[in-house]
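Okay, so here's the structure we're looking at.
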Amino acid sequence: MYVCSCFGVTDKQVKEHAAAGACTPRQIASATKAGTDCGSCVRTIQGILGRGACPRRELVEKGSAAAVLAADPAGAPVPELAEAA
């Protein structure tokens, strides 16, 4: 099924990118352009990604936003942010 008719992106493509680590509509847009023209597909993309698609989202929901902000993509603390937290 087409999710983004502007760029011909399918739900299968969105799921493949999600499985490869894309966990936000913005990351899907970077990979496929979906959601960057008319924007009508963004909610559908959000639905496909679902809640909890991003591992760091669990920390935010538990109230550990500072821990998420203080971590780099590899998970190592960033000193200047970790000290401020």
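The CE atom of M1 sits 4.5 Å away from the CG atom of D11 when rounded to the nearest 0.5 Å.
Counting all heavy atoms, side chain and backbone alike, C41 lies closest to A34 at SG-C, 4.0 Å.
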Taking only distance into account, with no hydrogens and no angle test, what donor-acceptor pairs under 3.5 Å do side-chain atoms of residues 42-50 form with protein atoms, sequence neighbours excluded?
none

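Screening residues 28-41 for side chain to side chain donor-acceptor pair (under 3.5 Å), with sequence neighbours left out, gives no hits.
For the side-chain hydrogen bond (donor to acceptor under 3.5 Å, both in side chains) test, residues two or more places apart in sequence or in another chain that qualify with T10 are Q13.
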